[in-house]
Amino acid sequence: MIMDHHHNTLSDRLTFPEDNRIATGFFAAGILGVVLSLIGMFINTEQFFYSYLTSFTFIASLVLGALFFVMVQHVTRSSWSVVLRRIPETISYQLIWLGLLFIPILFGMEFLYEWTRPERIATDELTRHKLPYLNTPFFIIRNVIYFAVWAALGYWLYKNSIAMDRSGDREIDRRQRIISAPGLLIFAYTVAFASFDWMMSMDSHWFSTMFGVYFFSMSFQAILAVVVVLVLYLFRKGLLTNTINKAHMHDLGALLFGFTVFYAYIAFSQFLLIYYANIPEETLWYYYRFEGSWVFLAYLFLIGRFVIPFVLLIGKKAKTNYRLLMGVSVWIIILQFLEMFWIVMPILHQGSISIHWLDITLLLAFFGISAGLFFRQFAKHSMIPKNDPLLAESLNKH
Amino acid sequence: MSTKDKPFGVLAEFDNPADLMDAAAAVNKAGYKHFDTYSPFPIHGMDDAMGLKPSRLGWIVLAHGIIGLLGGIALQVWSMDLAYPHIISGKPNLNFPAFVPVAFALVILLSAFGAFFGLFKMNRLPKLHNPLFNSDRITKATDDGFFICIEAADPIFSEKQVTAFLKEIGATHTETIPE
């Protein structure tokens, strides 16, 4: 590493402007969404819980993706990502709130999960066989464990990073790695099982051992898109323009490209095995999701979430074309929501796509509040880990 | 070793990576095209300093990948639907989801061939003799030496001028390498 050559040092302002009203704006939108959704809950309770689960899994996937991103950077001691690490750190800090947002789902379990309904248990032998795992108390215990683990990881990693801003203590950097290495292992299991519990168990007969990886691959592709959007938003505000350079964006773009392929690989592999084996209890899940107009969404994911980003991002120059990166990233985030919608909703609305206004108000509620919390937290501390031992190397990335 | 014959080029040694990078930028700015740098490890930013254009390798790999994709699909359409139409586990003959793994594997295989042989060709391999090894010093490039060699193939090459120029931009040692 040539450190004496064109040595870059921090020259940007490091705090998010306080007069920025974006957090307030998001909170206002979020509260509007909450109020409308609460009205909707009394009008159509079943629809409310399905829409709630859709938006919850959408936000949860982003927040979990961010936690994974942070832990991977620590374990690999990545220098390139130091300048933009505070963004996913702040997002994964939100895992603390995510646990609270899960609680309403517990009140809608009879609508969402057929294995909780006594008449289903009485008449269906296979569901009875799965009762030792699929039962309400164990479901609650598991979810308490998931959120406790994730919240602790997100909280520690964020707080340590902030502490390092103040003290510059290198011991903290070592501690981050000590948390992240087992953290990744625990993350793999908890996220896989959480995806089984939240979404796969909605059809108590269906199972796919790839479902956890499928959920993860979507989440990680989507969080990379979110980080791209946030960095480009900061650029537009004139923030960190001398701190995060084209080389960082190129690497983010390359990761987004790579995990676009990974997503396609996993999503298609899950489909192909089930398609080829053609066993009714497995194919039924896809049957409902290919039925009627739902199949358009399936093709949209194939074309829109793989083919288009793949072709657009394959070139080296494309990865530093900010307009293109922004467009592709926003598109992927929208498709992430639609894919959650496609996983959850065909159970309620068989045969054709049906968008209820509650889908939109609950998305508004979840997205508004999460984005508001993000920007409120982001403005409290430095926008980059300013005393990270690898910061100088990151600033001088080519 | 005689230097009366047409030389291969002039080799100059520099003290450290930073000097080498400055020198490479200066050589590039002076308009030389046929030159290369030698160092024990990759130096970030050297491509820019030398004014190297982005590699064409990506295009070679892309072309091979597309051939693999089309070839893989053509192979399966021909064999499964035209040459040997058999019904297998109740699926249609043109069973595109099932074609994906083979097409995918052929994309990977041909891309890897493209990358490997493309790189081989672009690095001018196999090369049985490299005139640089006429110098004793060049072996330092695998240890602690940082070198630039401006080659005689360059249109504006002149042994005297090049030697003087390299000394001027900070070379600690220069020598003419015979062909």
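- Counting heavy atoms of neighbouring residues, nucleotides and ligands inside a 6.0 Å radius, atom CG of A/Leu126 exceeds 12 of them.
- Looking at B/Pro101, the atoms closer than 4.5 Å to chain A (heavy atoms on both sides) all sit in the side chain, from C-beta outward.
- For the residue pair A/Tyr276 / B/Asn95, no side-chain donor-acceptor distance below 3.5 Å is found, with atom types taken as modelled.
- A distance of 11.5 Å separates NE2 of B/His44 from CG of A/Asn396, quoted to the nearest 0.5 Å.
- Remark: A/Tyr265 OH is loosely packed, at most 12 non-hydrogen atoms of other residues, nucleotides or ligands lying under 6.0 Å away.
- Counting heavy atoms of neighbouring residues, nucleotides and ligands inside a 6.0 Å radius, atom NZ of B/Lys91 exceeds 12 of them.
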Would you please test A/Ile314 and B/Leu62 for side chain to side chain contact (heavy atoms under 4.5 Å, CB included) and show each step? CA-CA 9 Å; A/Ile314 196 167; B/Leu62 180 67; 4.1 Å; yes
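- Shown here is A/Arg77, whose CZ atom has no more than 12 heavy atoms of other residues, nucleotides or ligands within 6.0 Å.
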